[in-house]
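Accompanying notes for the structure given below.
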Amino acid sequence: MRKELETLRAEALERIAAARTEDELQEIRVRLFGKKGALTRLMKRLGTLPPEERPRSGELVNEARSRLEAVWEEKSRLWREAALAARLREESIDITLPGTIPPPGRRHPLNMVIADMENIFLGMGFSIAEGPEIETDYYNFEAMNMPPDHPARDMQDSFYISEEFLLRTQTSPVQIRSMEKTCPRLPVKVIAPGKVYRNDDDATHSPMFHQVEGLLVDRGVRMSDLKGVLLHFIREMFGPEREIRLRPSFFPFTEPSAEIDVSCMFCGGAGCRLCKGTGWIEILGAGMVHPQVLRMGGYDAGAVTGFAFGVGVERVAMLKYGIDDMRLLFDNDIRFLRQF
Ligand code: DAH
């Protein structure tokens, strides 16, 4: 058996040295150390030797095995390293080559208007609030003083997800969410920009559009405060010559309610095609927060008052930049977007 081992060992060393390909090397490994490999078979035969020979022979087989394994490993390692080095040489990149410079992006006009509005209202001490776009019927309608059978719900064709959930049709539910968060502290003084959804789609309506909601609740808030805040906003947005007027209107969540018009920024109020000869352009809805809405928000309607307003961002962007088709804002045509 010792002789056999010697021969095996000598042959194996030779074959490892002679191996020229990775496949050959792997084959040698299987033939030597595999389950039915030569060394493994020798190992198994140890049991058939006379007991006094077993320890020494076992030692010799083990020794041969470790030696062969070490030689095999070393060759395999050298090959692996050489292969890796070759690949790295081939795949190396020239880091001195000029890169591709992405064209500079810019803000979408709608986001520019939202950012402008945020800055104007932050300047007046408002904070920015947010609410979910998937809203409950409760927050979107009920808490805004529009119970299930209220006809005003028809004005806002809604995308319902289930009986309880819908895509919010207005940012007004953020009024309630903000009051709930702040109550009983005062003031509640927030604007809430965001996306809203209605089942509407033509040149002047998109199923998704943007609003900015405003809410101020405190002791002694008056309608003149609303007018002052909105006049400042309009003049910051459309220029210092703008005037506003309040026209009586109706919203379920405000009393009294008003539609705010701005003096036409295209003709200065003289009357033109864009203001249909009236000199005024309707820009947003507003009013004094309805006592029921204050109560829904957790406040004592006998002790505090508030004003609220809601502005359509697309409308402001179209008036500010003279855009005549709202769909341009959503087409993502770079030739259009580059102009802002
Ligand atoms: N939520 C109204 C709408 O989407 C807009 C609005 C009007 C909001 C008056 C207000 C408000 O907060 O006071 O048509």
Side-chain angles (χ1 to χ4, degrees), residues 114 117 121 126 128-133 135-147 150-159 166-180 187-200 204-218 221-231 233-234 244-262 282-294 296-297 299 301 304-316 326:
I114 290 174
M117 289 185 61
F121 282 99
F126 285 75
I128 294 164
E130 270 181 16
E133 287 172 27
E135 189 52 283
T136 59
D137 185 90
Y138 173 79
Y139 280 108
N140 194 81
F141 289 128
E142 192 130 8
M144 293 311 290
N145 201 25
M146 298 161 91
H150 199 289
R153 286 191 180 207
D154 295 347
M155 287 159 59
Q156 304 184 359
D157 233 342
S158 320
F159 290 116
L166 72 158
L167 297 181
R168 68 177 176 191
T169 59
Q170 47 184 0
T171 44
S172 303
V174 188
Q175 288 190 29
I176 302 290
R177 290 181 176 277
S178 301
M179 283 190 272
E180 285 178 348
V188 184
K189 198 174 178 187
V190 294
I191 61 161
K195 292 186 171 66
V196 299
Y197 302 84
R198 289 184 203 179
N199 194 358
D200 247 345
T204 50
H205 296 90
S206 153
M208 185 281 301
F209 59 104
H210 298 77
Q211 289 185 335
V212 175
E213 192 79 12
L215 175 69
L216 171 59
V217 177
D218 205 346
V221 175
R222 298 172 302 177
M223 198 142 188
S224 52
D225 298 316
L226 170 66
K227 190 173 179 189
V229 163
L230 289 179
L231 181 62
F233 156 61
I234 291 292
I244 60 170
R245 77 176 181 189
L246 278 65
R247 246 180 323 110
S249 182
F250 172 80
F251 299 104
F253 31 86
T254 43
E255 182 57 38
S257 306
E259 211 76 62
I260 314 292
D261 297 337
V262 54
E282 183 183 320
I283 180 106
L284 61 96
M288 299 307 289
V289 180
H290 194 289
Q292 177 62 12
V293 174
L294 289 172
M296 291 306 237
Y299 285 93
V304 302
T305 52
F307 68 67
F309 58 88
V311 193
V313 177
E314 280 74 8
R315 180 151 181 81
V316 172
M326 187 167 68

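Both counts, for ligands and for their atoms, begin at 1 and track the order of listing.
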**OP:** Could you tell me whether ligand 1 has any atom less than 4.0 Å away from a heavy atom of Phe253?
**Re:**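 Heavy atoms of Phe253 do come under 4.0 Å of ligand 1.
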Original post:
Heavy-atom contact under 4.0 Å between Arg198 and ligand 1?
Top reply: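 Yes, Arg198 has a heavy atom closer than 4.0 Å to ligand 1.
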Considering only heavy atoms of [X], which atoms of ligand 1 have at least one such atom less than 4.0 Å away?
X      : answer
Gln211 : 3 (C), 4 (O)
Gly287 : 13 (O)
Glu213 : 8 (C), 10 (C), 12 (O)
Thr254 : 13 (O)
Gln175 : 12 (O)
Ala308 : 12 (O), 13 (O)
Ser172 : 1 (N), 8 (C)

Subject >> Gap between atom CD of Glu282 and atom CZ of Arg315 - 0.5 Å precision >> reply: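 These two atoms lie 6.0 Å from each other.
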**OP:** Could you tell me whether the side chain of Arg168 and the main chain of Pro173 form a donor-acceptor pair under 3.5 Å?
**Re:**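 Checking the backbone N and O of Pro173 against the side chain of Arg168, no donor-acceptor pair under 3.5 Å is found.
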Subject >> Donor-acceptor contact below 3.5 Å, side chain Glu213 vs main chain Ser172 >> reply: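 Looks like yes, one N/O pair under 3.5 Å.
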Original post:
Are any of the side-chain heavy atoms of Phe307 and Asp225 separated by less than 4.5 Å?
Top reply: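 They are in contact (side-chain heavy atoms under 4.5 Å apart), so the answer is yes.
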Original post:
So do the side chains of Arg198 and Phe209 get within less than 4.5 Å of each other, counting heavy atoms only?
Top reply: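 Side chain of Arg198 against side chain of Phe209, heavy atoms only: contact under 4.5 Å found.
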Original post:
Are Arg177 and Tyr139 in a cation-pi setup, meaning NZ or CZ lies under 6.0 angstrom from the ring centre and within 45 degrees of the ring axis?
Top reply: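 Yes, Arg177 and Tyr139 form such a contact.
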Original post:
Is Phe309 in polar range of ligand 1, meaning some N or O pair under 3.5 Å apart?
Top reply: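 For ligand 1, there is an N or O atom that lies under 3.5 Å from one belonging to Phe309.
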Original post:
Polar-atom distance check: Gly214 versus ligand 1, any N or O pair below 3.5 Å?
Top reply: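 By distance alone, the answer is no.
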Subject >> Gln170 and its side chain to side chain contact (heavy atoms under 4.5 Å, CB included) partner, picked from Gln211, Gln175, Glu135 >> reply: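 The residue from Gln211, Gln175, Glu135 that satisfies side chain to side chain contact (heavy atoms under 4.5 Å, CB included) with Gln170 turns out to be Gln211.
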Original post:
If you measure only the distance, is there a donor-acceptor pair under 3.5 Å linking the side chains of Thr169 and Asn140?
Top reply: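 A pair is found: one side chain offers a donor N or O, the other an acceptor, under 3.5 Å apart.
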